Number of protein chains: 2
Amino acid sequence: MNFFKSCQSRNAADGQSSRAEKRELQTQRIMRAATACFVRSGFQGASIHDICREAEMSPGALYRYFPSKEAIIDAIVAEARKNDVEILTKMASCEDVVEGIVEAFYNHLRLTEETGLRPLFVEIRAEAMRNTAVRNTCRKNEDNVRASFRLYLEEAWRDGRIRPIVSLDAVVTVLMAVGEGLIMADLPGRELSAADIQKALRAKISAVVRPVEASHGTSSLCLDGTN
Amino acid sequence: MNFFKSCQSRNAADGQSSRAEKRELQTQRIMRAATACFVRSGFQGASIHDICREAEMSPGALYRYFPSKEAIIDAIVAEARKNDVEILTKMASCEDVVEGIVEAFYNHLRLTEETGLRPLFVEIRAEAMRNTAVRNTCRKNEDNVRASFRLYLEEAWRDGRIRPIVSLDAVVTVLMAVGEGLIMADLPGRELSAADIQKALRAKISAVVRPVEASHGTSSLCLDGTN
DNA sequence: CAAGTGAGAGCGAACGATCATTCGCAATGA
DNA sequence: TCATTGCGAATGATCGTTCGCTCTCACTTG
């Protein structure tokens with residue numbers, strides 16, 4: 001009943017926003033503002049008033065959409081890694097395992113940089129160390145990524161495309177450490193070419209995963225100058 | 001004149017504490033307490049009152065030793081990575097490059113876990129993303145580690161013990177990303193054997209660095225079961 | 001050696017600022 | 001008409017920091 005009522009209200013090719021749509025829009029507006037503030041000052045450093053100023057909204061209005069600051073943080077943490085999905089499905093469609101992983105890492109790194117979300121990701125990691133709710137959300141995200149990696153490697157292994165060097169779980173663990181580390185590492189000031197980093201990554205990953213037909217894996221990687 | 005006077009006071013084989021020694025002791029006591037609080041609640045989450053309670057000291061007393069909370073944070077950040085030095089010198093004395101690096105990483109990981117300082121390290125990384133002073137201190141520490149790695153690899157390269165796959169800078173960058181990533185990664189709940197991780201690391205590092213006499217590097221690494 | 005002295009150390013109440021959150025009320029619109 | 005939304009002043013709590021005070025003790029002085 002209520003369900004039908006709320007659905008029938010405005011559903012045609014209607015540019016205007018229904019009640020629920022507007023609510024969704026405002027919620028997103030708050031989350032976008034909060035994200036900007038958290039990037040700038042961290043979870044504890046950013047105040048509700050900061051977020052309100054950024055969202056051009058009063059505290060009273062904001063609290064109509066989120067019951068607490070914690071809830072805003074939780075929502076943002078839950079949404080933070082939604083881009084991982086497409087990066088991982090793109091990876092899964094790549095036959096060459098080494099190249100697939102390298103590109104996934106690189107896309108992950110590039111997207112993090114482009115969206116300016118790097119400080120947020122690190123902040124989330126820090127918060128996950130003490131806040132149980134955040135930790136659980138992170139863990140869930142991580143489990144998904146982990147499973148994707150594992151499935152990807154497992155299939156390639158069954159097809160005889162790769163020959164893993166240790167247990168798949170160990171491989172995945174170190175792989176994910178590399179991915180996280182690239183985000184944490186203080187690259188921006190370092191002035192290192194993307195190609196160099198990709199090359200180093202490629203070598204590293206092919207080592208732990210060992211493609212059987214080393215068509216370009218081992219042989220074409222050239223030894224380079226000092227700088 | 002004044003200098004000599006202040007120096008001559010108590011300098012023999014004197015078990016008692018001079019003025020300066022006591023001051024140093026109290027400073028360390030505050031830093032220890034602050035570290036505990038920061039691990040528990042983060043830099044912004046831990047209050048001066050928390051630190052005072054932990055240090056069993058009044059706010060007034062604490063402010064005799066540090067001019068501000070910021071100063072405490074700065075001091076802790078500057079001291080946080082002092083253990084890196086011995087890990088790196090230990091590494092430098094290891095002829096086998098791959099083994100040296102693997103062991104350095106592993107010691108780093110183990111020490112971080114044993115001291116319970118993992119949340120602090122992540123917190124520092126997050127703070128470094130926005131706080132300039134913290135970032136500069138981190139950068140300085142990082143430059144030291146970076147230089148150590150580079151020197152280590154460079155010497156081994158000159159001696160013909162390794163054959164780097166890309167520019168040394170790229171190798172070092174990815175190496176450090178792995179090190180950082182291992183700390184960030186949510187390992188504790190994962191129940192993965194240390195040996196497995198070491199093995200995966202070993203393969204990864206030997207790939208990017210390529211020991212010329214692959215005495216045990218490439219050949220002895222066995223392919224393992226799924227789990 | 002005894003008495004005196006002053007800088008350093010410690011305390012904890014108190015400060016103004018800021019925090020997350022609430023509430024009464026006005027405006028909106030289905 | 002009434003549930004929803006927005007507002008912004010107000011709330012009590014807590015924040016980092018200060019201040020006036022007492023006490024301690026290494027050193028100077030007589």
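Worth saying up front: this structure is predicted, and the values here are computed from it rather than measured. Chain identifiers are assigned alphabetically (A, B, ...) following the order of the sequence lines, protein sequences preceding nucleic acid strands; residue numbering begins at 1 within each chain.
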Between C1' of C:dG29 and CD of A:Glu21, the distance in whole Å: 15 Å
Spacing of B:Tyr63 atom OH relative to D:dT18 atom C1', expressed in whole Å: 9 Å
Shortest non-hydrogen separation from B:Met91 to B:Ser148 and the atoms involved: CE-O, 4.5 Å
Side chain to side chain, B:Arg118 and A:Met129, heavy atoms closer than 4.5 Å: yes
Carboxylate-amine/guanidinium contact B:Arg53 B:Asp50, below 4.0 Å: yes
Nearest atoms (heavy-atom pairs only) where B:Gly116 meets B:Val39: O-CG1, 3.9 Å
B:Asp169 and B:Arg150 ion-paired at < 4.0 Å: yes
Gap between atoms CG and P, on B:Leu62 and D:dT18 respectively (whole Å): 12 Å
Base-contact (B) and sugar-phosphate-only (S) positions in nucleotides 3-19 of chain C, heavy-atom cut-off under 4.0 Å, - elsewhere: ----BSBBBB------S
Distance in angstrom units between B:Ile51 CD1 and D:dT17 C1', rounded: 13 Å
Geometric cation-pi criterion, B:Arg81 with B:Phe121: 6.0 Å, 45°: yes
